[in-house]
Structures are given as C-alpha cells and as structure tokens.
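To start, the structure under review is shown below, and the notes come after it.
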Amino acid sequence: MVADALSSHVDKWTAAEPELALALRFADAASRPRIAALICLEHEIVHAALHIAERDVALVKLNWWAEELAALAAGAARHPLTQTLGGNADLDAISPGQWGRAASAAMSMREAAPAATFQDLLARYRQFAECWAPMQQALYSAVDADAWIEARSLALALRDALALHHALQQDRLPLPMELLARHQLSRTDLAQPSAARDAILREHFSFLVRAIRAVKRNRLTVHAAVQLRADEYRCQRMHKSGDVLGTGHDALARLPLSCAWVAWRAARTMQRMG
C-alpha cells in the first residue's frame with residue numbers, strides 16, 4: 001500500500017523533472033525509495049510555499065506538512081513520503097527541531113522581503129536549503145554539504161525566476177532590486193512580456209550560470225549533480241533566446257546528453273566514498 005502510494009508521488013515529480021527520473025536510475029534498489037521520498041517531500045513543501053497563490057491556503061498546507069514532519073520525527077508518520085523515510089537509523093537520528101526548521105524555512109522563503117542584491121537573493125534560498133542538508137547527509141555520508149546547499153539554492157533561484165508570474169501574484173520578487181534599478185523597470189513592467197523584461201532576465205540568468213559554474217561538483221548527490229549540469233545548459237539556452245521565459249519552461253523538460261555521464265560519475269563517487 002505504501003509502495004503504491006509512494007510510486008504515484010514519484011511518478012508526479014519525475015514527470016515534471018527529468019533530472020529526478022535520471023538520478024533515480026543510478027540509485028541502488030535498496031536506497032532508491034528513500035532517496036525518491038526525500039526529494040519528493042522537499043519538492044512538495046517548496047511547491048506549497050512558492051506555487052500556491054493564496055497565502056492562507058499555502059500556510060494551511062505548510063502547517064500540515066510541519067505536523068507530518070513532527071510525526072515522522074516521533075515515529076508516527078502518516079503520509080507515504082514520510083512513512084518511506086521512517087525506519088532509517090540515520091534519518092531517525094535527525095532531531096524533531098531540525099525537521100521543524102525544514103518546514104518553517106519554507107514559509108520564510110515565501111515571505112522574504114525583496115532582496116537588494118543577487119547575493120541577498122541567494123541567501124533567501126540558501127536558508128531553506130541549509131535546513132535540508134542534514135537529511136541529504138543522512139542518506140549520502142560522502143556528500144559535500146556546503147556544495148549541495150549551494151547547488152540547491154541556485155536550483156530554487158532559477159525555478160522561482162522562471163515562475164515569475166506566480167511570484168508577482170504573491171507579491172514576491174524573485175529578482176534583486178539592484179537589477180530592476182539598473183534596467184529601470186518596475187514590478188508592473190515584469191508582469192508584461194517585452195524586450196526589456198527579456199533583457200533583465202538574461203542578465204539575471206547570466207549571474208546564475210556563473211554561480212552554477214563555481215559550485216564544487218566532485219561530491220554532490222546524483223540528483224544535485226545532474227540538476228546543476230542541466231541548469232547550466234538551461235541558462236545557456238535562455239541567454240541566447242528571444243523569449244527567455246518560454247525557452248526556460250521548455251528547457252525544464254529537457255536534459256543535455258552530458259547529464260548521463262554526470263549521473264554515472266556522481267553515483268560512482270557516492271558509492272566509492274560512502
């Protein structure tokens with residue numbers, strides 16, 4: 001029963017994220033359900049925080065997840081994702097407080113004030129990713145936690161910018177204020193397709209791709225390594241496009257061929273060092 005319910009959640013997220021589907025092919029059969037459950041759990045919480053338009057609805061959803069993470073920490077999980085994570089000694093050792101921070105950080109990410117600079121913007125996503133790094137370390141003892149946090153922060157930043165309309169509807173700004181000032185654009189301007197909007201997005205994604213290239217990749221989880229390479233490719237495509245958001249949404253459904261090599265190498269590293 002739990003396995004069937006887990007499969008439906010995994011199917012939903014692998015359909016939306018090809019890098020997850022690829023990464024799971026390189027996980028061994030014993031660890032694959034927990035790896036999938038942890039990634040999908042985090043995705044569900046990010047979706048509730050950043051993609052539910054109504055604040056009150058998002059808050060209800062996140063409060064429910066907070067209760068479920070508390071139940072997981074107490075050994076009384078009810079949801080298929082959290083039930084799959086229970087019973088693992090390393091995950092069971094994570095404190096209830098850490099699970100609680102992992103949930104509360106999602107709402108903080110949603111309600112963060114506009115960021116002045118690109119680094120301030122990344123800090124918004126980094127605070128969330130830091131709360132989930134211990135869970136990654138529980139499943140991957142060899143992972144470079146700092147590099148994973150940076151990779152996950154950049155992935156969140158890219159997807160939040162691509163979901164620009166959702167963010168603006170929530171009165172959130174997924175771009176730094178200094179960028180708007182330099183391009184002399186307002187939030188209202190960002191809501192409408194234009195050459196000026198494409199120009200500011202190209203500059204934002206050029207910042208992202210430089211940060212992506214600076215991440216240390218030798219001890220990332222398979223999913224993080226594949227996503228980092230795919231996001232580098234996506235930023236490159238958007239930089240050359242006349243329709244940045246359209247190209248970005250299309251690129252989210254695709255992987256460059258090099259991702260297969262990246263996945264194989266990351267899996268070998270985790271197996272050898274773990």
Side-chain angles (χ1 to χ4, degrees), residues 16-17 19-20 39 42-43 45-52 58 102 105-133 136 145-183 185 187 190 197-217 220-221 223-239 241 244-253:
E17 186 179 286
E19 53 265 44
L20 175 56
I39 294 170
E42 191 245 37
H43 284 10
I45 290 172
V46 169
H47 183 270
L50 300 184
H51 296 281
I52 295 178
M107 199 64 185
S108 298
M109 182 168 58
R110 178 188 175 104
E111 300 197 325
T117 68
F118 180 70
Q119 289 304 320
D120 292 338
L121 183 70
L122 281 188
R124 171 190 306 175
Y125 307 108
R126 189 177 294 116
Q127 288 169 1
F128 175 81
E130 285 171 349
C131 294
W132 288 85
Q136 293 292 328
D146 290 338
W148 182 88
I149 289 166
E150 200 65 18
R152 188 63 189 137
S153 303
L154 292 164
L156 290 166
L158 184 147
R159 284 153 184 79
D160 208 15
L162 284 176
L164 181 62
H165 291 297
H166 286 292
L168 294 174
Q169 287 172 0
Q170 298 166 16
D171 198 28
R172 294 191 302 106
L173 185 62
L175 304 177
M177 293 293 292
E178 65 176 4
L179 198 56
L180 271 71
R182 185 156 60 248
H183 286 257
L185 295 178
R187 294 190 189 208
L190 291 177
R197 188 180 75 173
D198 279 337
I200 194 173
L201 288 169
R202 282 192 203 93
E203 184 171 352
H204 181 61
F205 289 124
S206 72
F207 289 149
L208 277 173
V209 79
R210 287 197 292 271
I212 285 170
R213 288 169 178 161
V215 177
K216 295 179 181 178
R217 307 186 184 209
L220 285 175
T221 66
H223 177 252
V226 171
Q227 189 162 72
L228 197 69
R229 173 63 193 106
D231 285 352
E232 181 181 6
Y233 155 81
R234 289 158 179 158
C235 287
Q236 290 169 332
R237 285 197 59 191
M238 287 185 283
H239 185 72
S241 173
V244 176
L245 291 181
T247 298
H249 292 144
D250 178 69
L252 285 177

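All of these numbers come straight from a predicted model, not from anything done at the bench.
Between the CD atom in Gln169 and the CD1 atom in Ile52 there is a gap of 13.0 Å [rounded to 0.5 Å]. Distance check, rounded to the nearest 0.5 Å: CZ of Arg202 to OG of Ser241 gives 6.5 Å. Summarising the geometry, atom OG belonging to Ser153 is positioned 11.0 Å from atom CG belonging to Leu208; distances are rounded to the nearest 0.5 Å. The line from CG of Leu122 to CD of Gln127 is 11.5 Å long, rounded to the nearest 0.5 Å. We find the OH-CD distance between Tyr125 and Glu150 to be 13.5 Å, quoted to the nearest 0.5 Å.
Between Val46 and Trp132 there is no side-chain heavy-atom pair separated by less than 4.5 Å. You'll find the side chain of Leu245 stays beyond 4.5 Å of the side chain of Asp198, heavy atoms only. Contact check for Leu20 versus Val226: no side-chain heavy atoms found under the 4.5 Å cut-off.
Here salt bridge (charged side-chain N to carboxylate O under 4.0 Å, His left out) pairs that include residues 154-178, with residues two or more places apart or in two chains, are Glu19-Arg159, Arg159-Asp231, Asp160-Arg172, Asp171-Arg187. Listed by first and then second residue, the salt bridge (charged side-chain N to carboxylate O under 4.0 Å, His left out) pairs involving residues 112-121 amount to none (not counting sequence neighbours).
Looking at Ser206, its side chain does come within 3.5 Å of a backbone N or O of Glu203 through a donor-acceptor pair. Here the side chain of Arg234 pairs a donor or acceptor atom with the backbone of Ala251 at under 3.5 angstrom. A donor-acceptor pair is defined here as one N or O able to donate and one able to accept, closer than 3.5 Å; no such pair exists between the side chain of Arg237 and the backbone of Thr247. Side-chain atoms of Arg197 never come within 3.5 Å of backbone atoms of Val244 as a donor-acceptor pair (strictly under, hydrogens ignored). Distance alone, capped at 3.5 Å, places no donor-acceptor pair between the His183 side chain and the Leu179 backbone. The closest donor-acceptor contact from the side chain of His239 to the backbone of Cys235 lies at 3.5 Å or more, if one exists at all. Counting only distance, with no hydrogens or angles, the side chain of Gln170 and the backbone of Leu50 share a donor-acceptor pair below 3.5 Å.
For Ala49 against Ala106, the heavy-atom pair with the smallest separation is CB-O, 3.4 Å. In terms of heavy atoms, Ala102 sits closest to Cys131 at CA-CB, 3.7 Å. When every heavy atom of Arg124 is checked against every heavy atom of Ala113, the shortest pair comes out as NH2-O, 3.1 Å. Counting all heavy atoms, side chain and backbone alike, Pro176 lies closest to Thr117 at CB-C, 3.4 Å. Taking each heavy atom of Ala147 and Lys216 in turn, the nearest pair found is CB-O, 3.4 Å.
Partners of Phe118 according to the ring pair (Phe, Tyr, Trp, His ring centres under 6.0 Å) rule, which considers only residues two or more places apart in sequence or in another chain, are His204, Phe207. Partners of Glu232 under the side-chain contact (heavy atoms from CB on, under 4.5 Å) rule, at least two apart in sequence or in another chain, are Val209, Ile212, Arg213, Arg217, Arg229, Gln236. For Glu130, the side-chain contact (heavy atoms from CB on, under 4.5 Å) partners are Arg126, Ile149, not counting sequence neighbours. Residues meeting the side chain to side chain donor-acceptor pair (under 3.5 Å) test with Asp146, sequence neighbours left out: none.
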Handout entry: Stepwise side-chain contact (heavy atoms from CB on, under 4.5 Å) check, Phe205 with Arg210
Key = CA-CA 9 Å; Phe205 289 124; Arg210 287 197 292 271; over 6 Å; no
Exercise for the section: Check step by step if side-chain contact (heavy atoms from CB on, under 4.5 Å) holds for Leu121 and Leu173. Expected result: CA-CA 9 Å; Leu121 183 70; Leu173 185 62; over 6 Å; no
Practice task
Please lay out, stage by stage, how Met238 and Leu201 fare under the test side-chain contact (heavy atoms from CB on, under 4.5 Å).
Solution key: CA-CA 9 Å; Met238 287 185 283; Leu201 288 169; over 6 Å; no
Handout entry: Check against side-chain contact (heavy atoms from CB on, under 4.5 Å), Trp148 and Leu228
Key = CA-CA 10 Å; Trp148 182 88; Leu228 197 69; over 6 Å; no
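Residues Gln136 and Arg152 bring no donor and acceptor atom of their side chains to less than 3.5 Å of each other.
The aromatic rings of His51 and His47 lie parallel to each other, their planes meeting at an angle below 30°, with 60° marking the opposite boundary.
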